[in-house]
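Remarks on the structure that follows.
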There are 2 protein chains.
Amino acid sequence: MSKSDRIRVRLVDVARAAGVSKTTVSDALNGAGRLPAATREHVQKVARSLGYRPNATARLLRRGHTMLLGVAAREYVETPWVYAELAYFGTLVTAITQAALAHGYGIVLLPTSGPDDCWLDMPLDGVFVIDPVEGDPMVGDFLAAGVPVVSDRRALTEVAIEAREPSRWVDFDYDGAVRQALDHLEAAGAERIAIVTAATTACFYQQSVGAYQDWCAERGRGPRVAYIPGPGLQHVLNAVEGLLNAADPPDALFTLVEINPALLLDAIRKLGRSVPDDLLLVCTTEDPTAPYTDPPTSTLSYLPGETAEAAVSLLVDSIEGREGDQGRLLSADFQIRASSAFPARRPAFPSP
Amino acid sequence: MSKSDRIRVRLVDVARAAGVSKTTVSDALNGAGRLPAATREHVQKVARSLGYRPNATARLLRRGHTMLLGVAAREYVETPWVYAELAYFGTLVTAITQAALAHGYGIVLLPTSGPDDCWLDMPLDGVFVIDPVEGDPMVGDFLAAGVPVVSDRRALTEVAIEAREPSRWVDFDYDGAVRQALDHLEAAGAERIAIVTAATTACFYQQSVGAYQDWCAERGRGPRVAYIPGPGLQHVLNAVEGLLNAADPPDALFTLVEINPALLLDAIRKLGRSVPDDLLLVCTTEDPTAPYTDPPTSTLSYLPGETAEAAVSLLVDSIEGREGDQGRLLSADFQIRASSAFPARRPAFPSP
DNA sequence: CTCTTGTGCAGGAACGTTCCTTCACCAATA
DNA sequence: TATTGGTGAAGGAACGTTCCTGCACAAGAG
């Protein structure tokens with residue numbers, strides 16, 4: 001009926017056409033076996049003329065591994081796939097793809113929601129789970145199925161310990177990173193540092209806010225935390241407006257959520273404040289535009305490139321049966337630029 | 001030796017443990033066959049207790065399709081995978097992933113370069129090729145292998161016609177879109193409109209610049225085109241600076257390349273110009289921050305969401321043997337905001 | 001003229017599923 | 001008692017590869 005009824009040409013078809021056995025065809029095309037050059041070339045010519053292409057699935061079944069790595073972002077599990085909103089996810093996925101390619105693996109983007117354990121239908125050799133939720137069922141399913149898992153957070157112990165092989169991890173020293181930024185702002189003269197964070201259970205936010213609160217407590221300062229309720233930059237802008245219009249406004253802002261730095265500077269300007277004269281600013285972001293804003297924005301980066309490299313390498317070690325590290329602890333990258341530099345004069349803001 | 005030597009539990013293992021045949025196990029777990037509830041539950045219990053998970057690859061081989069769609073970005077073929085740099089790619093990939101998921105397909109990110117035809121080793125049911133180059137070998141390989149291809153540009157005829165099944169396409173009316181933006185700028189009073197484009201062979205830039213030149217010629221105006229040599233926002237900023245510092249500077253800017261609007265406004269401001277008073281601005285971008293800049297930026301969007309929807313639907317039709325459309329022609333979405341609105345006064349720029 | 005060694009290739013098992021066919025069994029009907 | 005019909009389950013082919021084993025033949029050594 002349809003033109004796609006034309007059946008695909010298989011190995012045996014080539015064998016018949018060339019008047020040899022399928023072993024000979026396989027050997028000729030794969031460069032294996034003991035074949036004289038004449039036979040090899042003949043078979044190759046016939047295969048080419050028939051337009052033969054090996055069936056990838058059959059090959060994978062035979063070989064036993066698929067050379068495919070899954071990637072799943074779990075932070076907002078209800079949203080199907082959100083990474084485009086966030087520069088962090090975008091760069092991370094890119095970096096993972098490149099790193100995987102370098103090891104000869106392909107990348108499959110996994111649904112974060114879906115019917116039950118539909119993710120197990122994909123032929124994967126390993127999975128990288130970004131921002132797993134607590135007791136993540138996806139992680140459990142894969143480990144139970146014998147598929148190695150690497151996560152960018154290591155809060156998976158309770159699931160992992162009952163599995164045959166615990167999941168490996170890549171993690172960051174959040175506490176150190178947050179303190180580095182806060183110390184810097186303090187040294188630059190800030191006395192009322194506010195942070196903007198997300199109202200999620202994601203490990204990154206939990207630990208960062210915790211570190212911030214500890215840091216404030218050690219200095220006897222009241223914490224100023226703005227929580228945004230979900231993804232979307234309007235929420236972030238609202239939160240910033242709320243902070244700056246408060247009775248006792250902050251003299252420094254530290255954002256944990258992704259926000260385009262130029263846009264944030266715009267918003268701050270519209271609220272009648274000037275960076276860095278009235279307000280110091282540090283953004284947690286992977287946005288490559290940060291150095292080009294006016295003034296250039298100080299950033300805290302969680303190095304998607306290195307995360308990806310480490311994750312893929314751990315995953316591949318695990319898949320290929322090598323005993324490698326169990327995990328890798330990375331440090332964030334803090335870039336100081338003019339937005340948080342020591343201003344000529346300290347804010348002459350009226351204290352209430 | 002290693003702990004991963006522990007062999008995976010297969011269907012036959014469950015069958016042996018449950019004292020039944022593999023047929024019974026398969027039927028019990030898949031809800032097929034004629035089995036009494038007792039047997040079904042017994043088998044399920046045994047399977048669960050052994051931690052059985054079906055092998056995805058074997059299943060795919062049997063079923064004949066993999067439910068996997070490939071995605072390849074070809075614009076900068078030399079760069080391994082660049083989409084994070086460009087909001088268009090990011091949103092497009094996200095949208096494709098979601099659309100594919102809705103049809104029950106997964107997404108595989110394909111290497112754009114690599115040894116020969118390594119992409120054929122992936123078990124794909126179909127491929128979406130973004131921005132194919134002329135006579136793209138990847139498109140040819142897939143079509144020859146009987147894998148349906150959909151592309152977001154239709155300039156593939158010479159490859160497609162020799163294939164059994166020509167590739168399907170999603171395309172845009174670039175000419176109409178460019179003219180819409182230019183007409184709008186003209187109506188707003190602009191007399192010297194410059195565009196910023198990329199020095200690539202990609203269909204989108206070629207056709208858009210062509211439309212711009214035609215439009216200028218029809219009005220007897222000299223075209224002002226700035227070409228950027230490669231990816232990276234520094235190039236864009238340099239190009240803008242070059243245009244605005246020229247002897248006879250433009251009074252309107254129309255960017256075809258991706259650039260963060262807030263950042264561009266920053267740069268224009270630093271060059272001593274004000275949008276929209278001195279300079280009107282229209283950006284081709286998918287950046288969600290455009291409505292939030294100061295002033296809000298007029299944008300031309302090539303609707304990654306609709307592109308993805310159409311592409312996946314064409315692909316799935318093709319895979320599942322339905323005779324569907326051969327292609328889909330979409331229109332770009334032009335959003336007029338303050339950055340290109342009629343200013344109170346026309347630029348009082350000195351003509352040379 | 002045998003015995004070895006090597007070459008060129010064919011046969012068939014295996015990978016782990018799904019599903020089509022067959023078969024035994026039991027009860028109800030003719 | 002023979003026939004039908006339905007139920008429960010087993011056997012085995014098939015999906016398209018790869019690769020292990022082994023056969024036939026020829027050439028050289030003894």
Side-chain angles (χ1 to χ4, degrees), chain A residues 5-44 46-47 50-68 120-125 145-147, chain B residues 5-44 46-47 50-68 120-125 145-147:
Chain A
D5 278 356
R6 195 233 182 287
I7 202 74
R8 262 193 73 169
V9 31
R10 300 159 302 166
L11 195 67
V12 280
D13 300 325
V14 178
R16 257 195 287 273
V20 296
S21 78
K22 50 198 173 75
T23 307
T24 306
V25 177
S26 179
D27 286 349
L29 297 180
N30 294 325
R34 300 176 303 209
L35 296 181
T39 313
R40 209 174 283 274
E41 283 162 20
H42 172 234
V43 169
Q44 284 169 351
V46 172
L50 290 183
Y52 166 73
R53 306 288 167 143
N55 178 303
T57 313
R59 208 175 241 195
L60 300 182
L61 177 61
R62 189 61 239 253
R63 293 220 229 272
H65 49 256
T66 63
M67 306 304 285
L68 248 31
L120 287 177
D121 288 342
M122 319 231 130
L124 304 176
D125 281 350
V147 178
Chain B
D5 279 356
R6 196 230 180 287
I7 204 72
R8 263 192 72 168
V9 31
R10 300 159 303 164
L11 195 66
V12 281
D13 299 325
V14 178
R16 258 195 285 275
V20 295
S21 77
K22 52 197 172 76
T23 308
T24 307
V25 177
S26 179
D27 286 349
L29 298 181
N30 293 325
R34 301 176 302 209
L35 296 181
T39 314
R40 211 175 281 276
E41 282 161 20
H42 172 234
V43 169
Q44 284 168 352
V46 173
L50 290 184
Y52 167 73
R53 306 288 167 145
N55 178 303
T57 312
R59 205 175 243 195
L60 299 183
L61 177 61
R62 188 64 239 252
R63 291 221 229 272
H65 49 257
T66 62
M67 306 304 283
L68 248 29
L120 288 176
D121 288 342
M122 319 232 131
L124 304 175
D125 280 351
V147 178

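Computed over heavy atoms, backbone and side chain alike; hydrogens, waters and symmetry mates excluded. The sequence lines fix the lettering, A, B, ..., with proteins before strands; numbering per chain opens at 1.
- Computed from coordinates, the A:L61 CG to D:dC19 C1' distance equals 14 Å when rounded to whole Å.
- The interatomic distance linking B:R63 (CZ) with D:dG16 (C1') rounds to 17 Å, in whole Å.
- A:R10 has its side chain out of reach of A:K22: every pair of non-hydrogen atoms, C-beta onward, lies at least 4.5 Å apart.
- Atoms OG1 and CG, from B:T39 and B:D27 in turn, are 11.0 Å apart once rounded to the nearest 0.5 Å.
- In this structure, B:N30 places its CG atom 9 Å from C1' of C:dT17, rounding to the nearest Å.
- In this structure, the side chain of A:R59 does not engage the main chain of B:M122 through any donor-acceptor pair within 3.5 Å.
- The distance from atom CG of B:L60 to atom P of C:dC15 is 18 Å, rounded to the nearest whole Å.
- What separates CZ of A:R59 from P of D:dC15 is a distance of 18 Å, to the nearest Å.
- Taking all atoms of both residues into account, the shortest heavy-atom contact from B:V9 to B:G51 is CG1-O, 3.8 Å.
- Using modelled atom types, no side-chain atom of B:T57 and backbone atom of A:L60 make a donor-acceptor pair closer than 3.5 Å.
- Remark: A:R40 CZ to A:L35 CG distance equals 4.5 Å, nearest 0.5 Å.
- One interatomic measurement links the two molecules: CG of B:L11 to C1' of D:dG12, which rounds to 14 Å at whole-angstrom precision.
- The nearest whole Å value for the distance from the CZ atom in B:R8 to the C1' atom in C:dT17 is 12 Å.
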Review point. In the 5'-to-3' direction, what one-character label does each nucleotide of nucleotides 5-10 of chain D receive under the scheme B = base within less than 4.0 Å of a protein heavy atom, S = sugar-phosphate only, - = no such atom?
Key: --BBBB
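- Summarising the geometry, the separation between CG on B:L50 and C1' on C:dG16 is reported as 16 Å, rounded to the nearest angstrom.
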